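Have a look at the structure below before the remarks.
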Amino acid sequence: MSLFIDSGDLDEVREAVSWGIVDGVTTNPTLLREAAERRGVKGLRDYLVELLKAAGRGRPVSLEVMSTKAEDMVREGLRLYDDLNPIAGNVVIKVPVTTKGVEQGELEGIKAIKALSEVGVPVNATLIMTPSQAYLAAKAGATYVSLFLGRIDDFVRSQLGIKHSKWDYFNYRSVRAALQGGLAAPARSPGEALASPVLSALNVNWGLLSGVEALRSVRAIFRSQGIRAKVIAASMRHPRQVEEALEAGADIVTVPYHVIKAMVVHPKSEEGIRAFVDDARAANYGELFR
Ligand code: G3P
């Protein structure tokens, strides 16, 4: 039940680590680019050194390679690991599991994961969207597999024509229930039933209608096959999605800074604390602490 922060922002990492509830950090090139632009970062290496120190020993920090060919990914992964791991002993190399090479049958990411894992470099297999990718990455020796729940939800919603913005909660249970309700309508023949658009909608993303459903499938496969790679629920967008990922058995959830902060918010908690503070004053609580 580890909680990682998904951020390339040094201030966010420092702050989140100071809360005492963060067990690691995941970055990616997009997050580092955004942080570098926001903070006016000049030297990326120096910045990463600070980030690794801010996370501290015992809190893994995933740093991604930039190439898409296996041999280049391996070279970059080794370079990053040899250069930066001595800082705080917490570097994990992030390798995308798919590349254009997969279309050509080359499995570049898988080959790179295998080569790095074999020489003892911990690998976080990233951009995982399917249980098959998770399975192959784990077979190749990945220490972590990062399933991108939010992007799977984006894919499903776009296939189903559901408009949404990035941080909206995806209530996939309601979508599934609504679709299944549509199936209950009587068809005039088996052929008509099979041709039903509702049936094709239920088959979107091979029937895995959300990132959470994909996570359940990964967990079931890892359990049944005795796979030890840790499953990171990544691309998290909403506190409720984090709860669902934890329910579904994610080993780790990696969560953006603002979503971690949103996890403690509820209007009734807010209202309650205001009333308690007022009543404590009225009841002379102050006397207890003098
Ligand atoms: O950990 C992966 C994450 O950084 C991707 O998140 O929101 O860009 O899909 P997102």
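Along the sequence shown, residues carry numbers from 1. For clarity, every value in this text was computed on a predicted model and none was experimentally measured. Scope of the values below: all heavy atoms of this structure, side chains included, with no hydrogens, waters or symmetry mates. Remember, it's 1-based here, ligands and their atoms both numbered in the order they're listed.
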*Taking NZ, NE, NH1 and NH2 as the nitrogens, is one of them in E108 or K114 under 4.0 Å from a carboxylate oxygen of the other?*
no
*Hey, which atoms in ligand 1 end up nearer than 4.0 Å to a heavy atom of R151?*
5 (C), 8 (O), 9 (O), 10 (P)
*Should D168 and R237 count as an ion pair when the cut-off is N to O under 4.0 Å?*
no
*Should D83 and R45 count as an ion pair when the cut-off is N to O under 4.0 Å?*
yes
_Per-atom contacts of ligand 1 with R237, taking only distances under 4.0 Å to non-hydrogen atoms_ = 7 (O), 9 (O), 10 (P)
*Check ligand 1 against L31 and write out every atom of the ligand that is under 4.0 Å from a heavy-atom position of the residue.*
4 (O)
*Would you say I93 and I128 are hydrophobically clustered, going by side-chain heavy atoms of ILVMFWY under 4.5 Å?*
yes
*asked:* Ignoring hydrogens, what is the shortest heavy-atom contact between G249 and R219? Give both atom names and the distance.
replied: O-CD, 2.8 Å
*Should M236 be listed as contacting ligand 1, given a heavy-atom distance under 4.0 Å as the test?*
no
*Any idea which atoms of ligand 1 are less than 4.0 Å away from a heavy-atom of A234?*
1 (O), 2 (C)
*Can you tell me the protein heavy atom closest to atom 6 (O) of ligand 1 and the distance?*
S235 CA, 3.5 Å
*Is any side-chain N of the basic residue among K69 and D72 closer than 4.0 Å to the acidic one's carboxylate O?*
no
_Donor-acceptor pair, side chain of E37 and main chain of E34, under 3.5 angstrom_ = no
*Enumerate the atoms of ligand 1 whose separation from the nearest heavy atom of F148 is less than 4.0 angstrom.*
2 (C), 5 (C)
*Heavy-atom proximity to atom 3 (C) of ligand 1, best of T126, D6, L127*: D6
_Taking 4.0 angstrom as the limit and counting only heavy atoms of K166, give me the atoms of ligand 1 inside it, by number and element._
7 (O), 8 (O), 10 (P)
